Amino acid sequence: MASSSSSSTTSSCFFFFLVLLLGSALFLPNVAIALPELPNLTTLSFEEGYTQLFGDSNLMLHREGRSVHLSLDQRTGAGFASQDLYLHGFFSASIKLPSDYAAGVVVAFYMSNGDVFEKTHDELDFEFLGNIRGREWRIQTNVYGNGSTSVGREERYGLWFDPTEDYHQYSILWSSEKIIFYIDNVPIREMVRTQAMGGDFPSKPMSLYATIWDGSTWATSGGRYKVNYKYAPYVAEFADLVLHGCTVDPSDHETTCRRSDAELYNTITMSEDQRAAMEKFRKKHMTYSYCHDRARYPTPPPECTIGPEAENYLASGEAKFSYHRRRGRHYRRSPVDVIFGI
Ligand SMILES: *[C@@H]1O[C@H](CO)[C@@H](O)[C@H](O)[C@H]1NC(C)=O
Ligand SMILES: *[C@@H]1O[C@H](CO)[C@@H](O)[C@H](O)[C@H]1NC(C)=O
């Protein structure tokens, strides 16, 4: 490789540049992380912030713990959780999903306190639902507060990229006033706390979780397509792990955040560009929202205001499209199908 001739110096420079380019594409350095207004926003290694939950050797560390591979095989799935509980913060990971046939496979990146507050738990979810070969993964977000599991607040989306080809960044901002879900710095969902939501807005400390598991009974076409272990192991890769929040002592739920830090997360707002990007995403890629599901909620939950984005969505007929499967090809999900897991 090394050579002293000047022409190959040029080519090795070029080679070096290529490696740099490739390296940054593969490893998504910290510059990819959004929200520069957060001080001390850094990524953590697994040992610094997380602990294994289940799955023994199906959790594998790579790059000195900067990347975590969770796999699902016939034996078990796998999962990890943050060592600490947090009250508000910004939580993020770059995730690459298993490719090819992945029906029935569920990858989840979420916050919950279900193990601390069994009956009144809070939850904030990204859930990735695998699919049969040739059909895309679907993503859903959900919000539960104080045990409000009877009020599903899920939304489902398609994506503008193939989430199995590369790492993409999925982030949750949770403050005392709002929740924002992001994909690659694009806000895709904002939930502003309203008085009427009451306890349904998550307000108790939560841990961060990442898991892969067998959702054969419901995840793909209502359970019609199950996990096929012929294609195992299914591997989901996590990197760029960010835990930027107010840690809480689990024994007394005392937050270690100074008040100014706690307020920090409320100061994050969307730029006009970000808001426009969010509206564009929702208009184009959202396939289901509980707010528009009149079959399920004749009166939508109180935080559902029908803004211009939702009106466009309803007017476009997207919300009430029918379910064709003519010649096994034309296939769209209607809200009702989505409720039943299709
Ligand atoms: C950032 O971290 C450093 C070192 O831990 C700390 O001294 C500093 O106060 C932090 N800055 C903010 C704004 O939190
Ligand atoms: C949460 O639920 C519990 C039990 O139903 C109730 O006592 C409590 O007031 C609720 N908290 C809020 C903030 O609504």
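Atoms within a ligand are numbered from 1 in the order they appear, just like the ligands themselves. It should be emphasised that the depicted structure is a prediction, and the values quoted were computed from it without experimental measurement.
For a heavy-atom separation below 4.0 Å, the residues in contact with ligand 2 are T120, N146, G199.
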Inset, instruction - Would you check, one step at a time, whether the test side-chain contact (heavy atoms from CB on, under 4.5 Å) holds for E303 with Q195? - result: CA-CA 9 Å; E303 72 281 5; Q195 197 98 49; over 6 Å; no
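Note on ring orientation: taking the six-membered ring where Trp is involved, the planes of Y170 and F126 are perpendicular (angle over 60°, cut-offs 30° and 60°).
Judged as a salt bridge (Lys or Arg N to Asp or Glu O under 4.0 Å), and not counting sequence neighbours, D162 has no contacts.
Taking OH from Y229 and NZ from K226, the interatomic distance works out to 11.5 Å, rounded to the nearest 0.5 Å.
Put simply, Y288 and V151 are part of the same group of oily side chains (I, L, V, M, F, W, Y) that touch within less than 4.5 Å, one to the next.
Using a 4.0 Å cut-off between charged side-chain N and carboxylate O, R275 and E190 make a salt bridge.
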